[in-house]
Asks: 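The structure follows.
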Amino acid sequence: MARQRVATLVCDFDLSLTTRDTLHLLAATPRRCSPRSSPVPAWKDLVAAYLADYKQLILDPHCSSISDYLHQLLPVDRASINRVSNCFLFRGLSRSDLYKAGQSNVTLHPNSKKVLQTFLQHNGNRVYILSLNWSKDFILGALGGIVDRERVLSNDLEFERNGVGEEVSTGKIVGDVVGGLDKLEVLKRTLGTDHYGCVAGVGDR
């Protein structure tokens, strides 16, 4: 049987392209670059609330599939996103702030960026980044802008124009990539709009 040539590459971001989870790096961005009149919510408190929710979750020990297991985690993941949105952690940040934060603070696995660039050179614009992350600009900065924004399949921050016409974040997180099952649905929806040939995926779930 002849091997199929990979035509489309889909990569997870955190811990697949990066050496460690990056949400805490994203969460540190407001303290680094956005003067605030009100205190920035403590990231450790948001993490503690997430862990408390997780500990209270009663998982069905008789899950018949990974999908069933991931479905049980959705309420905790959704509550966490809502909690971060409602405390306006990222309010006032510009797209440039987020891009520079990803560019300056995220460490990629050796040669991961080179692999993406090589694939893009030989296959056109057929690389997707699929992530639970909360900022497309942060991801784009970490990757040096080699992937187009529309190829980043993730949540994002809501933006509005301030008094001088600059786009700044309202602090709200928008998108429907809450858990692992959502990543699968987003991928199906995206790749279902065209003929993408053989698709290869790199990631954990």
Asks: Between Asp45 and Arg83, is there a salt bridge with N-O shorter than 4.0 Å?
Replies: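 No, Arg83 and Asp45 are not salt-bridged.
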
Asks: With side chains defined as the heavy atoms from C-beta onward, is the minimum distance between Pro30 and Phe90 less than 4.5 Å?
Replies: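 Side-chain contact under 4.5 Å: yes.
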
Asks: Please report the shortest heavy-atom distance between Gly203 and Ser16, naming the atom on each side.
Replies: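 Closest approach of Gly203 to Ser16: CA-OG, 3.3 Å.
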
Asks: I'd like to know whether Asp156 forms a salt bridge (charged side-chain N to carboxylate O under 4.0 Å, His left out) with Arg149, so could you lay out the CA-CA distance, the side-chain angles of the two residues, the decisive distance to 0.1 Å, and finally the verdict.
Replies: CA-CA 11 Å; Asp156 203 4; Arg149 173 179 292 275; 3.7 Å; yes

Asks: Could you give me the CA-CA distance, side-chain angles and deciding distance for Ile129 and Leu17, then say whether side-chain contact (heavy atoms from CB on, under 4.5 Å) is met?
Replies: CA-CA 9 Å; Ile129 308 301; Leu17 292 175; 3.8 Å; yes

Asks: Can Val106 be reached from Val202 by stepping across I, L, V, M, F, W or Y side chains whose heavy atoms are under 4.5 Å apart?
Replies: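 As far as the 4.5 Å side-chain criterion goes, Val106 and Val202 are connected within one cluster.
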
Asks: Taking all atoms of both residues into account, what is the closest heavy-atom pair of Pro75 and His71, and its distance?
Replies: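 Of all heavy-atom pairs spanning Pro75 and His71, the closest is CD-O, 3.8 Å.
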
Asks: If I take atom CG from residue Asp68 and atom CG from residue Leu73, how far apart are they, to the nearest 0.5 angstrom?
Replies: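 If I round to the nearest 0.5 Å, the distance is 11.5 Å.
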
Asks: Taking side chain as C-beta onward, heavy atoms only, is Asn82 less than 4.5 Å from Ser80?
Replies: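 When only atoms from C-beta onward are counted, Ser80 and Asn82 do not touch, as no gap falls below 4.5 Å.
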
Asks: Atom CG of Leu116 and atom SG of Cys11: how far apart are they, to the nearest 0.5 Å?
Replies: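 Answer for the CG-SG pair, Leu116 versus Cys11, is 5.0 Å.
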
Asks: Indicate yes or no for a side-chain donor-acceptor contact from Asn111 to the backbone of Lys114 under 3.5 Å, with no hydrogens or angles considered.
Replies: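 Here the side-chain-to-backbone pair does not exist.
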
Asks: Checking side-chain polar atoms at under 3.5 Å, does Asn86 have a donor or acceptor matched by the opposite partner on Lys172?
Replies: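 Short answer, yes.
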
Asks: Below 4.5 Å, heavy atoms only, C-beta onward: do Glu185 and Val177 meet side chain to side chain?
Replies: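 No, too far: nothing below the 4.5 Å cut-off.
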
Asks: Does any part of the side chain of Leu132, heavy atoms only, come nearer than 4.5 Å to the side chain of Asp14, both counted from C-beta?
Replies: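 No, every pair of side-chain atoms sits at 4.5 Å or beyond.
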
Asks: Between the side chain of Asp148 and the main-chain N/O of Glu150, is any donor-acceptor distance below 3.5 Å?
Replies: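 No.
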
Asks: Let me confirm one number: the CG-OG distance from Leu140 to Ser154, rounded to the nearest 0.5 Å.
Replies: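 Answer for the CG-OG pair, Leu140 versus Ser154, is 8.5 Å.
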
Asks: Please identify each residue that fulfils salt bridge (charged side-chain N to carboxylate O under 4.0 Å, His left out) with Arg78, with sequence neighbours left out.
Replies: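 Not a single residue meets the salt bridge (charged side-chain N to carboxylate O under 4.0 Å, His left out) criterion with Arg78.
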
Asks: Is there a side-chain contact (heavy atoms from CB on, under 4.5 Å) between Leu157 and Ile173 once you walk through the steps?
Replies: CA-CA 5 Å; Leu157 296 172; Ile173 299 170; 3.8 Å; yes

Asks: Do you know the tightest heavy-atom contact between Leu181 and Ser67?
Replies: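 Nearest pair, atom of Leu181 first, then Ser67: CD1-O, 3.5 Å.
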
Asks: Can you see whether Phe159 has Arg95 sitting over its ring - NZ or CZ less than 6.0 Å from the centre and within 45° of the normal?
Replies: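 Relative to the ring axis of Phe159, which defines the angle, Arg95 lies inside both limits.
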
Asks: Are any of the side-chain heavy atoms of Tyr50 and Asp77 separated by less than 4.5 Å?
Replies: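 Sidechains of Asp77 and Tyr50: in contact.
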
Asks: Roughly how far, to the nearest 0.5 Å, is the CG atom of Leu46 from the CG atom of Leu23?
Replies: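 Nearest 0.5 Å value for the CG-CG distance: 11.0 Å.
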
Asks: State, yes or no, whether a side-chain contact exists between Val168 and Leu93 at a heavy-atom distance under 4.5 Å.
Replies: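 Not in contact.
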
Asks: Does CG in Leu184 sit with more than 12 non-hydrogen atoms of other residues, nucleotides or ligands closer than 6.0 Å?
Replies: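 It does: Leu184 CG has more than 12 such atoms within range.
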
Asks: If you round to the nearest 0.5 Å, how far is CG of Leu26 from CG of Asn105?
Replies: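 It comes to 10.0 Å.
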
Asks: Between Asp176 and Arg189, is there a side-chain heavy-atom distance shorter than 4.5 Å?
Replies: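 Yes. Closest side-chain heavy atoms under 4.5 Å.
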
Asks: Say you draw a straight line from CZ of Phe13 to CG of Leu108; how long is it, rounded to the nearest 0.5 Å?
Replies: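 Taking CZ in Phe13 and CG in Leu108, the distance rounds to 6.5 Å.
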
Asks: List the residues meeting side chain to side chain contact (heavy atoms under 4.5 Å, CB included) with Ser104, not counting sequence neighbours, and say none if there are none.
Replies: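 With sequence neighbours excluded, Ser104 shows a side chain to side chain contact (heavy atoms under 4.5 Å, CB included) to no residue whatsoever.
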
Asks: Going by atom types only, do Asp97 and Ser94 share a side-chain donor-acceptor pair under 3.5 Å?
Replies: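 The answer is yes; a qualifying pair exists.
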
Asks: Would you check, one step at a time, whether the test salt bridge (charged side-chain N to carboxylate O under 4.0 Å, His left out) holds for Lys183 with Asp12?
Replies: CA-CA 10 Å; Lys183 290 168 76 172; Asp12 182 49; 2.9 Å; yes

Asks: Let me check something: do Ile146 and Val115 share a hydrophobic cluster, defined by ILVMFWY side-chain heavy atoms less than 4.5 Å apart, either directly or through other members?
Replies: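 As far as the 4.5 Å side-chain criterion goes, Val115 and Ile146 are not connected within one cluster.
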
Asks: Lys113 vs Leu143, test: side-chain contact (heavy atoms from CB on, under 4.5 Å). Steps then yes/no.
Replies: CA-CA 7 Å; Lys113 186 175 176 180; Leu143 298 177; 5.8 Å; no

Asks: For the residue pair Thr29 and Ala101, what are the closest heavy atoms and their distance?
Replies: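 The pair with the smallest heavy-atom distance is OG1-CB, 3.4 Å.
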
Asks: Report the residues that fulfil side-chain hydrogen bond (donor to acceptor under 3.5 Å, both in side chains) with Lys100, sequence neighbours left out, ordered by chain and then residue number.
Replies: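 With neighbours one apart ignored, the set is empty.
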
Asks: Is there a side-chain contact between Val174 and Asn155 (heavy atoms, below 4.5 Å)?
Replies: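 No. Closest side-chain heavy atoms not under 4.5 Å.
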
Asks: Got a donor-acceptor contact below 3.5 angstrom from the Arg126 side chain to the Leu120 backbone?
Replies: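 Looks like no, no N/O pair under 3.5 Å.
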
Asks: Could you tell me if Glu160 and Thr170 have a donor-acceptor pair between their side chains, going purely by distance under 3.5 Å?
Replies: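 Side-chain D/A pair, Thr170 to Glu160: absent.
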
Asks: With side-chain contact (heavy atoms from CB on, under 4.5 Å) as the test, would you mind laying out the steps for Val199 and Leu187 before giving the verdict?
Replies: CA-CA 11 Å; Val199 179; Leu187 185 60; 5.7 Å; no

